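Heads up: the structure comes next, in C-alpha cells.
We count ligands from 1, going down the list as the structure has it; atoms in each ligand are counted the same way. Worth saying up front: this structure is predicted, and the values here are computed from it rather than measured.
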Amino acid sequence: MELIQLPIDGYEKVVKCHDPASGLKALIAVHDITLGPALGGLRMWPYNTEDEALTDALRLARGMTYKSAVANTGLGGGKSVIIGDSKTQKSEALFRSMGKFIESFGGMYTTAEDVGIGIKELEWIRLETKHVTGLSRESGSSGNPSPFTARGVTRGLRAVTEEAFGTSRLDGFHYAIQGLGHVGAEIARGLSIMGAFVTIADIDPAVIEEFSVLPGVEAVEPDAIYDVDCDVFVPCALGGILNDDTIPRLKCRAVAGAANNQLLEDRHAEMLRQRDIIYAPDYVINAGGIVNVSVEVGQGGYNERAAVQKIENIYTALKEVFDTARNEDITTASAADKVAEHRLEQARSRRGSPTA
Ligand code: NAD
C-alpha cells in the first residue's frame, strides 16, 4: 500500500492512495478541520485521469466545509474518491483497502455514502475503520439520509415563504416539484397533506401515476415544469437546471429544493436576483442528510431526536443567509458562502485567543 501526501494550498491534508494488490486508486482530501473533524462522502467514478479525480475531490471537500459550517454540524469538510467503475470494479478487497487508508487519518476524516457507493461497500470499509457513517439503523448507525434531507427542505421552505410572502405557513401556496425520488416524493407528500397545491414532474411514469392521486397534486411533462406559474419551484432531481435557458422561463417567486449544484454557473445566482426570484442556496437547504449523519460522529452515538432538533436549524441558517444577502446587496449564493466563512473566522479567532 502506498500513500503519497500532496501539498495543496488551503487544504489540511490531501493524500493519494494506491494499493496494487486490490487495484485501489483513490484520493482523500480533508479541506478544513477548524470546526471539527472532517465529514464527507466517498464517491466512485470512472475519472479519465488522476488530475480530474483530484480536482473533483478538492472541490467536493471544500463544499463540505461550507455546508457543515452553515448547518452548524460542528464538523469540518472532507471528501474521498475512488477512481473506477462502480458497476464492474467493486470488491471487498478494494473497500477494505480504502478503509485502511481512512483509518490512517486517525479520525481526522470520516466517510459516508456518495455517488456509486451503497451500504454494502460502507460495511466492507467498516471492517477496517470505525470512521464511517450512514450504515444501517440495525447496526446503530444513522441509516438512509433521504427522509432527513426532505425534512430539512420542508423546514427551509418556511424560511423561504417568510422571505417571499411574509408567512412561514406552507399551505395555500403552489409548489412545482421536479423529481419525485427519495427526497422529492417525501416533500410532495408532506405539502399535499398540509393542503398546498403541488405540480409534479418526473421522467418515470410510474412515479407520476402514484403521486397524481394525492390531494392537490397535478402532473406536467418533465420539461414543462419550468413554465409552471407557481409560488416556489422545488428542484429535486438534477444539477445545473438553473441556467440561461430555464431562468427566463421561470414563473415563480422562489427556488428552493434538494438537488445538488442547481446553478449551472455561479453567475446564474445573479441572473435569478435580477429577475427578483429568491434562491435558497442548495447546500444550505439540503443539509438535513449531513446533519443527521453528523450526529453519529458526535459523542454518544446516533440519536434521531438530536438529529431532528439540529435539522430545525436549517430555517435559522436560511434566514441568516437571506438577511445577509439583503443587507449587503449580494446574491443569496454569495451570502451563504459569507455566512460559512464568518463561522470559520470566528472559530479560528476563538482558537487563537488566549482567553478563549
Ligand atoms: P433519486 O435518484 O431518488 O430521485 C431523483 C428523481 O428525479 C427520480 O425519481 C428521477 O426519475 C427524477 N428525474 C431524473 N431526471 C429528471 C428530469 N429531467 N425531470 C424530472 N425528474 C427527473 O434522488 P434523491 O435521493 O431523491 O435526490 C434528489 C436530489 O437531491 C439529487 O440532486 C441529490 O444529489 C440531492 N440530494 C439528495 C440527498 C439525499 O439525502 N438523498 C441529500 C442532499 C442532496
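- A side-chain donor-acceptor contact under 3.5 Å links Thr246 and Asn243.
- At least one cation-pi condition fails for Lys13 and Tyr109: the charged atom is not both under 6.0 angstrom from the six-membered ring centre and inside a 45 degree cone around its axis.
- No cation-pi contact links Arg249 to Tyr226, judged by a cut-off of 6.0 Å to the six-membered ring centre and 45° from its axis.
- Proximity of Ala258 to ligand 1, defined as any heavy-atom pair under 4.0 Å, is shared by backbone and side chain alike.
- For ligand 1 and Ala259, the ligand atoms under 4.0 Å from any heavy atom of the residue are 29 (C), 30 (O), 32 (O), 35 (C).
- Residue Leu238 has no N or O atom closer than 3.5 Å to an N or O atom of ligand 1.
- For ligand 1, the atoms lying closer than 4.0 Å to a non-hydrogen atom of Ala201 are 20 (C), 21 (N).
- For Ile225, no heavy-atom contact with ligand 1 is shorter than 4.0 Å.
- For the pair Cys236 and ligand 1, a heavy-atom separation below 4.0 Å is found.
- Polar contact with ligand 1: present for Asn260 (N/O pair, distance under 3.5 Å).
- Ranking the protein heavy atoms by distance from atom 42 (C) of ligand 1 puts Thr149 OG1, 3.4 Å first.
- Residue contact check: Ser146 has heavy atoms under 4.0 Å from atoms 39 (C), 40 (O), 41 (N) of ligand 1.
- A donor-acceptor pair shorter than 3.5 Å can be found between the side chains of Thr73 and Ser68.
- Those atoms of ligand 1 with a heavy atom of Pro145 less than 4.0 angstrom away are 40 (O).
- Distance remark: protein heavy atom present below 4.0 angstrom from atom 34 (O) of ligand 1.
- Polar contact with ligand 1: absent for Gly289 (N/O pair, distance under 3.5 Å).
- Using a 4.0 Å heavy-atom cutoff, Leu180 is listed among the residues neighbouring ligand 1.
- The ligand atoms of ligand 1 that sit less than 4.0 angstrom from a heavy atom of Asn286 are 43 (C), 44 (C).
- Annotation: Phe197 is not in aromatic contact with Phe173 [ring centroid separation under 6.0 Å not met].
- Taking any N or O of Asp204, backbone or side chain, none lies under 3.5 Å from an N or O belonging to ligand 1.
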